[in-house]
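Here's the structure we're looking at; comments come further down.
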Amino acid sequence: MAAFAFVTTELLPIGLLTLMADDLGRSRSQVGQLVSWYAVVVVVCSVPLTRITRRIPRRTLLGVTLAVFAGANLVAALAPTFGVLAGARLLIGLAQALFWSIAAAAVNDPFPPASRGRVVAVFSVGAALAPVLGVPAGTWLGQQAGWRSAFAVVAVIGLAIAVAVIALVPSYPPESGGAARGSAPDRAAFQRLVAATALAVCGYLTFTTYVTPFLLDVTGVPSTALAPLLFVSGSVGVIGTVLVGRQLDRRPVVARLAPAAVVAVALLALYPLGTVTVAAVALIAAAGGGYSAYAPAAQHRMLQVAPGSTDMASAWLGTAFNVGIAGGSLLGGAVLPGAGARPLALIGGVLVVGALSVLIVDANPWRASRRVRHRPPHPRDQATRPPTSRS
């Protein structure tokens with residue numbers, strides 16, 4: 001629920017863009033920057049915030065983070081000026097930066113490594129559902145009762161989750177959690193994962209940030225069909241998250257490579273087939289499904305190879321995601337005015353192929369066997385299970 005709420009509030013200004021701009025007397029581009037600056041805050045602050053708070057018990061840290069999230073959304077709902085709204089959004093961005101850094105370890109702490117794939121998948125469904133249900137619901141509510149009502153509802157949800165966390169999550173030092181450290185620490189493998197993630201996300205966002213002009217100008221679909229088509233793409237993303245979650249524990253390498261391969265093939269095929277409506281819709285949905293499935297696969301890999309604290313590793317991985325998001329939107333925006341939307345699929349596909357190449361190198365069985373033979377895990381990397389709520 002927390003993942004669902006964070007992603008929903010991050011994307012809400014996209015659906016409420018015109019309403020917010022008209023009410024606050026600002027241009028649509030200025031309101032759109034609320035999303036861009038949000039991502040910048042996450043990129044800049046994830047690692048420092050995680051380092052500063054690394055000794056705070058998870059229950060306390062998650063509870064305070066969610067309380068700040070709820071309070072900042074309430075401020076956004078009541079904001080009298082654009083400046084106050086922007087300040088509230090920056091505060092939400094700080095909360096999100098810390099949340100994504102600690103959430104992966106927190107939800108996996110009570111479980112043995114053999115079942116972490118399922119845990120990561122369940123957690124990731126919340127984030128995958130946000131664009132499909134959260135943002136459309138918030139947009140509809142904003143249209144019926146004003147854009148402020150959408151942020152107010154998110155604030156209430158955030159407060160309820162904060163109370164649930166404080167009431168139900170056991171309290172223990174972060175280093176005592178079962179997922180506090182990687183199960184097979186490997187700094188080089190983690191660096192490859194971060195690089196591949198930044199490349200893959202950048203490639204996908206280069207295209208999908210401007211999927212609307214692609215569908216309108218290249219595929220030629222009517223504007224009335226955009227919302228249903230994007231809903232289909234988001235729904236396939238949820239399905240992809242569920243499917244990959246079933247394979248993470250049994251076939252982790254396949255579950256990591258397959259989503260990136262699907263995105264790469266779909267984007268490259270969109271360049272020649274983008275003018276065919278049925279093919280374009282199917283390929284865009286496939287790319288969305290692959291992208292959504294990659295997120296839990298990357299998180300699962302991080303929990304394996306984190307070279308130190310998984311909180312810090314999660315912060316770096318989250319930074320890679322947001323660097324890719326910002327880089328993809330900037331790259332696509334630079335190409336679009338001169339070359340149009342069609343080349344974006346080709347450029348994005350090439351970038352994802354680069355990410356897939358890095359992942360394949362990382363999955364090399366000879367490299368893995370040599371790592372096991374010559375680099376046995378240090379005793380400090382053998383994490384213990386956290387105390388139960390009864391203890």
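All values derive from a computational prediction rather than experimental measurement. Start at 1 with the first residue, then count along the sequence. Excluded from the calculations below are hydrogen atoms, water molecules and symmetry mates; all remaining heavy atoms, backbone and side chain alike, are included.
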Grab the two heavy atoms, one from [X] and one from [Y], that are nearest each other, plus how far apart they are.
{"X": "V132", "Y": "V238", "value": "CG2-CG2, 4.1 Å"}
{"X": "G63", "Y": "V165", "value": "N-CG1, 4.0 Å"}
{"X": "A106", "Y": "L62", "value": "CB-CD1, 3.8 Å"}
{"X": "A70", "Y": "G158", "value": "CB-C, 3.8 Å"}
{"X": "R256", "Y": "D362", "value": "NH2-OD2, 4.0 Å"}
{"X": "S124", "Y": "P296", "value": "OG-CB, 3.3 Å"}

Counting distance only, does the side-chain N/O of [X] pair as donor-acceptor with the main-chain N or O of [Y] below 3.5 Å?
{"X": "R59", "Y": "L168", "value": "no"}
{"X": "T9", "Y": "A5", "value": "no"}
{"X": "T197", "Y": "L193", "value": "yes"}
{"X": "Y210", "Y": "G333", "value": "yes"}
{"X": "N73", "Y": "F69", "value": "yes"}
{"X": "S292", "Y": "G289", "value": "no"}
{"X": "T275", "Y": "V218", "value": "no"}
{"X": "R342", "Y": "Y271", "value": "yes"}
{"X": "T53", "Y": "I56", "value": "no"}
{"X": "R89", "Y": "E10", "value": "yes"}

Exercise for review: Could you check V201 against Y291 for side chain to side chain contact (heavy atoms under 4.5 Å, CB included), going step by step and ending with a plain yes or no?
Suggested key: CA-CA 8 Å; V201 175; Y291 176 74; 3.8 Å; yes
Exercise for review: Test side chain to side chain contact (heavy atoms under 4.5 Å, CB included) on V358 and V361 and set out the steps.
Suggested key: CA-CA 5 Å; V358 176; V361 169; 5.7 Å; no
Hey, could you give me the [atom1]/[atom2] distance between [X] and [Y], rounded to the nearest 0.5 Å?
{"X": "F111", "Y": "L303", "atom1": "CZ", "atom2": "CG", "value": "12.5 Å"}
{"X": "T8", "Y": "I157", "atom1": "OG1", "atom2": "CD1", "value": "7.5 Å"}
{"X": "F99", "Y": "L61", "atom1": "CZ", "atom2": "CG", "value": "11.0 Å"}
{"X": "L344", "Y": "L205", "atom1": "CG", "atom2": "CG", "value": "11.5 Å"}
{"X": "T65", "Y": "L98", "atom1": "OG1", "atom2": "CG", "value": "4.0 Å"}
{"X": "T219", "Y": "I284", "atom1": "OG1", "atom2": "CD1", "value": "5.5 Å"}

I'd like to know if [Y] and [X] are part of one continuous hydrophobic network [Ile/Leu/Val/Met/Phe/Trp/Tyr, side-chain heavy atoms within less than 4.5 Å].
{"X": "L133", "Y": "V122", "answer": "no"}
{"X": "L330", "Y": "L336", "answer": "no"}
{"X": "I102", "Y": "V7", "answer": "yes"}
{"X": "I52", "Y": "L91", "answer": "no"}
{"X": "V253", "Y": "M302", "answer": "yes"}

Practice item. Applying side chain to side chain contact (heavy atoms under 4.5 Å, CB included), run through Q247 and V254 and close with a yes or a no. Key: CA-CA 8 Å; Q247 302 300 320; V254 173; over 6 Å; no
Exercise for review: Only counting residues at least two apart or in another chain, list the ones meeting salt bridge (Lys or Arg N to Asp or Glu O under 4.0 Å) with D217.
Suggested key: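 If we apply the salt bridge (Lys or Arg N to Asp or Glu O under 4.0 Å) test to D217, skipping adjacent residues, there are no hits.
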Exercise for review: Name all residues meeting the salt bridge (Lys or Arg N to Asp or Glu O under 4.0 Å) criterion together with R51; count only those two or more places apart in sequence or in a different chain, and write none if there are none.
Suggested key: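 Listed in chain order: nothing, the list is empty.
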Exercise for review: State which residues pass ring-ring contact (aromatic ring centres under 6.0 Å, His included) with Y294; sequence neighbours excluded, sorted by chain then number.
Suggested key: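 By the ring-ring contact (aromatic ring centres under 6.0 Å, His included) rule, Y294 matches no residue at all.
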**Study point:** side chain to side chain contact (heavy atoms under 4.5 Å, CB included) evaluation trace for L351 with L331
**Key:** CA-CA 11 Å; L351 289 172; L331 177 58; 3.9 Å; yes
Using side-chain heavy atoms (C-beta onward) and a distance below 4.5 Å, is [X] in contact with [Y]?
{"X": "L24", "Y": "T81", "value": "no"}
{"X": "L94", "Y": "L90", "value": "no"}
{"X": "P252", "Y": "R301", "value": "no"}
{"X": "Q299", "Y": "F321", "value": "no"}
{"X": "T206", "Y": "C202", "value": "yes"}
{"X": "V41", "Y": "Q96", "value": "no"}
{"X": "L199", "Y": "V352", "value": "no"}
{"X": "I347", "Y": "V350", "value": "no"}

Review point. Of W100, F4, F6, which meets ring-ring contact (aromatic ring centres under 6.0 Å, His included) against F123?
Key: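 Going through W100, F4, F6 one by one, the ring-ring contact (aromatic ring centres under 6.0 Å, His included) with F123 is satisfied by W100 alone.
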